[in-house]
There are 2 protein chains.
Amino acid sequence: MKHLYANIPKHYLAVDCIIFGYDIVEKELKLLLIKRSFEPALGRWSLAGGFVQENESLDDAACRVLCTLTGLSDLYMEQLYTYGEMNRDPGARVISTSYFALIGIHELDPEIQKKNGAHWRSISNLPELIFDHRIMVDRALNELVEKVKVYPVGFELLPEKFTLVQLQNLYEAIYMRPVDKRNFRKKILSMELLDKQDEKERETSKKGAWYYRFNVEKYRELARNGFFFNLAVS
Amino acid sequence: MKHLYANIPKHYLAVDCIIFGYDIVEKELKLLLIKRSFEPALGRWSLAGGFVQENESLDDAACRVLCTLTGLSDLYMEQLYTYGEMNRDPGARVISTSYFALIGIHELDPEIQKKNGAHWRSISNLPELIFDHRIMVDRALNELVEKVKVYPVGFELLPEKFTLVQLQNLYEAIYMRPVDKRNFRKKILSMELLDKQDEKERETSKKGAWYYRFNVEKYRELARNGFFFNLAVS
DNA sequence: AAATAGAAGTGTATATAGTACATTTAAAAT
DNA sequence: ATTTTAAATGTACTATATACACTTCTATTT
């Protein structure tokens, strides 16, 4: 059957990862970008990417790229879109599938980060990116906004324990607008997916704010019975 | 610079089109499928697909496949997802990007259809499909349901002139559940995007039902000012 | 010409969800 | 004891979603 494929052209295939993090102190959404220490485009900023190999699936390739860069596995990751314009990469014809990942900034080892030339850059002040990476980022941002409205993926960006203030700050950073405190709390608490801890966060106030944990098991159980997460608030 | 790419593997890249149509008489959502008259998988059912060529973008490839099959251009089309598992195609390693398209069944020339071995098959009674095509279809169906809720893409499946009953039937076919007649009409009419015609459809009732037209220009204008289409009804 | 039949067309009351908004509470620091 | 700072809290109002049954129109039949 080999002859069937004889005249069919083959292509370079890449994956590019849009890696989101959230800085709980600066209250800013960030992107993990690579300052290229190699040609082509030395010194310029890009997403973390890599070519798809013979023996790996697309998802595998994306995981590999993400893993190599961060040293982390089991991260939240999702395929987004495939960019197939003829001249998107000036070096060669490369088709690239974008993935977006959510990681807690605190989980990232600064050593590995440094070694790979990876830097967290604030969403509100991104450098110019190579090729069509900015377009990829914009699509990923849209997706993130829509996603956190109806799926509890925002928690991937926070530590296990977090306060309601921190959670609200995260949503404000993603939505890029202020959110009403009482409505936000009413809505998230009414879902009964947060377990209040017997412990307070005391860094940012005298009174201290109660820690909560997201109860994944409970969410899964509810979701199985037709429950829909919703934090699309004013 | 050529040496940079010397050790990078290349891959076969395909596109597969999930082509939706709506049968206004049978009130059924349909898929345009190919009964293969060639090897491999002769006699089996598949989506319309094709390999990405050297000189065309992914979108171009999808348009070409769609155009060749239907003889139509300027159809509604959207990239969906890229399937990159190692063994999804038993013949060779092929990575495939799926697109979904919406066309009016009535627009399709039966001659071209016949020539290409294309057949409309009801969504509620699909044959077994090759490879992972069924998975592609299921994802496309989900996407269609979500899409018609908040974008006026359903009209792509209807003729220019349609009745409110026909529009409701379409939504019921897509949502796969009945929809409240008065609430549906209230909602669609309150958006003021349908222009009532001076003409009735008289095939299906003595009284006749008024024809309407979707006003695209008005929609675009409203959307530019922050309006959101919504037909997520009970 | 009156009666019939069959689908199109219509409105209101209720329930639910979304929104706007200001004061009290806790605890550390002085 | 007082001050200061951020956390925590509830209610009234508005808008949207939902449930639901009868009337209208007109071709066809009698």
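Reckoned from all heavy atoms, side chains included, excluding hydrogens, waters and symmetry mates. In the text below, chain A, chain B and the rest are named by the order of the sequence lines, each starting its count at 1.
Atom CG of A:Asn183 is separated from atom P of C:dA22 by 13 Å (rounded to the nearest Å). Between B:Asp180 atom CG and C:dG9 atom C1' there is a gap of 13 Å when expressed in whole angstrom units. For the pair A:Arg185 CZ and C:dT23 C1', the computed distance is 15 Å after rounding to whole Å. The distance from atom OH of B:Tyr212 to atom P of C:dA8 is 12 Å, rounded to the nearest whole Å. Between A:Glu203 atom CD and C:dA27 atom P there is a gap of 17 Å when expressed in whole angstrom units. Put simply, CH2 on B:Trp210 is 11 Å from P on C:dT10, counting in whole angstrom units. If you measure from atom CD of A:Glu201 to atom C1' of C:dA27, you get 14 Å, rounded to the nearest angstrom. Rounded to an integer number of Å, the gap from CZ of A:Phe228 to P of C:dA17 is 14 Å.
Counting non-hydrogen atoms under 4.0 angstrom, B:Thr204 reaches the backbone sugars and phosphates but no base. Heavy atoms of B:Lys186 sit under 4.0 angstrom from at least one base atom.
Taking for each of A:Leu164 and B:Asn230 the nucleotide of DNA chain D with the nearest heavy atom, the 5'-most of the two is the partner of A:Leu164. The residue among A:Arg202 and A:Lys181 whose nearest nucleotide of DNA chain C lies closer to the 5′ end is A:Lys181. Along DNA chain C, the nucleotide nearest to A:Lys207 and the one nearest to A:Arg182 differ in position, and the one closer to the 5' end is contacted by A:Arg182. The residue among B:Gly208 and A:Leu189 whose nearest nucleotide of DNA chain D is located toward the 5' end is A:Leu189.
Taking both residues in full, the closest heavy atoms of B:Leu231 and B:Met191 are given as CG-CE, 3.9 Å, listed atom of the first, atom of the second, then distance. Nearest heavy-atom pair, B:Leu32 versus B:Ala118, reported as atom, atom and distance to 0.1 Å: CD1-CB, 3.9 Å. The two atoms that bring B:Glu107 and B:Leu72 nearest to each other are O-CD2, 3.7 Å, heavy atoms only.
Interface limits on DNA chain D: the 5'-most and 3'-most nucleotides within less than 4.0 Å of chain B heavy atoms are D:dA17 to D:dA27.
Side-chain contact, A:Tyr83 with A:Arg139: a donor N or O sits under 3.5 Å from an acceptor N or O. When only modelled atom types and interatomic distance are considered, A:Ser96 and A:Asp16 share a side-chain donor-acceptor pair under 3.5 Å.
When atom types are taken as modelled, the side chain of A:Asn230 and the backbone of A:Val150 share no donor-acceptor pair closer than 3.5 angstrom. In this structure a side-chain-to-backbone donor-acceptor pair under 3.5 Å is missing from B:Glu78 to B:Tyr76.
Listed candidates were C:dG6, C:dA8, C:dA28. Nearest to the side chain of B:Lys206 is C:dG6.
Counting non-hydrogen atoms of neighbouring residues, nucleotides and ligands closer than 6.0 angstrom, the NZ atom of A:Lys200 exceeds 12 such neighbours.
Residues A:Ile18 and A:Tyr99 fail the side-chain proximity criterion, which asks for heavy atoms closer than 4.5 Å.
Taking a cutoff of 4.0 Å between a charged side-chain nitrogen and a carboxylate oxygen, B:Glu221 and B:Lys218 do not qualify as a salt bridge.
One end of the helix from C:dA1-D:dT30 to C:dT30-D:dA1 points its axis 10° away from the other end's axis, with each axis taken from 5 pairs and the angle rounded to 10°.
One finds a side-chain N or O of A:Lys187 lying less than 4.0 angstrom from the OP1 or OP2 phosphate oxygen of C:dG18.
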